Amino acid sequence: MFKRSAILFISICLVAIGCAGPYSEQDNGSIIELSEDDVFTINLKEQGLPQYAWHINSINNHVELKGPIIMGPSGTTTEFTFNFKTLGTGEDKLTLFYTNGKDTRNSFELTVIVGTMGRIESY
């Protein structure tokens, strides 16, 4: 019985570790490390200004937006959900702006490292 419980607990922990995100405002400026073909989500909330929306403002070679950006009311705010998938090994700075095209009210940036070696830095 103990052996089954231990195996179940370890399996749940591995599944939890394998899930990426969802990332939110608290993760702004963070560095995340993922594997190829990983899927991750970014959820951003803003005070519902109808003329403003979150937009991707970076060209990314290793991260791809999967599906449309989902907008939904969440109380007095609007929640924007972005679903991404990693494509190949490398590093991208994923930058999003909350803008109406002329004025930017907020920004979000996430450094995404794709691959098993992680970030390589010279000293």
Side-chain angles (χ1 to χ4, degrees):
M1 181 68 183
F2 176 73
K3 189 175 182 180
R4 282 187 189 175
S5 297
I7 291 172
L8 180 62
F9 177 75
I10 290 170
S11 298
I12 291 171
C13 288
L14 289 174
V15 169
I17 290 170
C19 294
Y23 299 101
S24 64
E25 293 87 3
Q26 292 82 14
D27 300 300
N28 191 9
S30 294
I31 299 171
I32 61 171
E33 295 184 31
L34 303 170
S35 299
E36 268 188 79
D37 297 321
D38 277 352
V39 176
F40 65 99
T41 300
I42 298 175
N43 292 328
L44 300 170
K45 292 182 182 179
E46 289 294 336
Q47 299 301 318
L49 298 172
Q51 67 273 25
Y52 284 81
W54 281 100
H55 298 279
I56 300 170
N57 194 51
S58 56
I59 297 173
N60 300 295
N61 297 314
H62 306 97
V63 175
E64 175 182 63
L65 181 66
K66 297 304 280 181
I69 301 165
I70 301 167
M71 287 178 31
S74 177
T76 61
T77 62
T78 301
E79 183 172 88
F80 296 81
T81 301
F82 296 82
N83 294 304
F84 292 96
K85 182 177 181 180
T86 59
L87 299 176
T89 58
E91 180 176 326
D92 280 333
K93 268 200 193 305
L94 182 59
T95 307
L96 299 120
F97 287 149
Y98 188 62
T99 182
N100 65 358
K102 296 178 184 177
D103 181 39
T104 300
R105 293 215 165 222
N106 203 352
S107 64
F108 179 87
E109 185 173 271
L110 197 62
T111 301
V112 182
I113 300 171
V114 183
T116 58
M117 290 181 51
R119 179 177 239 164
I120 300 173
E121 298 179 12
S122 62
Y123 294 97

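All figures in this text were calculated on a predicted structure; none of them were measured in a lab. Positions are given from 1, in the same order as the sequence printed here.
- Put simply, the side chain of Leu87 does not reach to within 4.5 Å of the side chain of Asn61, judged on heavy atoms.
- Taking all atoms of both residues into account, the shortest heavy-atom contact from Val63 to Asp92 is N-OD2, 3.3 Å.
- Considering only residues two or more places apart in sequence or on other chains, Glu64 meets the salt bridge (Lys or Arg N to Asp or Glu O under 4.0 Å) condition with Lys66.
- Note that CZ of Phe84 is 15.0 Å distant from NE2 of His62, once rounded to the nearest 0.5 Å.
- Among all heavy-atom pairs drawn from Ile31 and Ile113, the shortest one is CG2-CD1, 3.6 Å.
- Linking ILVMFWY residues whenever their side-chain heavy atoms come closer than 4.5 Å, directly or via other members, places Met71 and Leu44 in the same cluster.
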Q: Begin from the C-alpha positions of Arg105 and Tyr52 and carry the test side-chain contact (heavy atoms from CB on, under 4.5 Å) through to its verdict.
A: CA-CA 8 Å; Arg105 293 215 165 222; Tyr52 284 81; 3.3 Å; yes
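- Distance alone, capped at 3.5 Å, is enough to place a donor-acceptor pair between the Ser58 side chain and the Thr95 backbone.
- Note that OG1 of Thr76 is 5.0 Å distant from CD of Gln47, once rounded to the nearest 0.5 Å.
- Rounding to the nearest 0.5 Å places OG1 of Thr86 at 6.0 Å from CG of Asp37.
- Taken to the nearest 0.5 Å, the CZ atom of Phe108 stands 7.5 Å off from the CG atom of Leu94.
- Under the 4.5 Å side-chain heavy-atom criterion for Ile, Leu, Val, Met, Phe, Trp and Tyr, Leu96 and Ile70 are members of distinct hydrophobic clusters.
- Between the Asn28 side chain and the Glu25 main chain, no donor and acceptor come within less than 3.5 Å of each other.
- Listed for the Thr99 side chain is a donor-acceptor partner under 3.5 Å among the backbone atoms of Gly101.
- Considering CD1 of Ile59 and NZ of Lys93, their distance stands at 15.5 Å, rounded to 0.5 Å.
- Of all heavy-atom pairs spanning Asn100 and Gln51, the tightest one is CB-O, 3.3 Å.
- Using a 30° and 60° split on the angle between ring planes, Tyr98 and Trp54 fall in the tilted class, from 30° to 60°.
- In this structure, CZ in Phe97 is found 12.5 Å from CD1 in Ile56, a value given to the nearest 0.5 Å.
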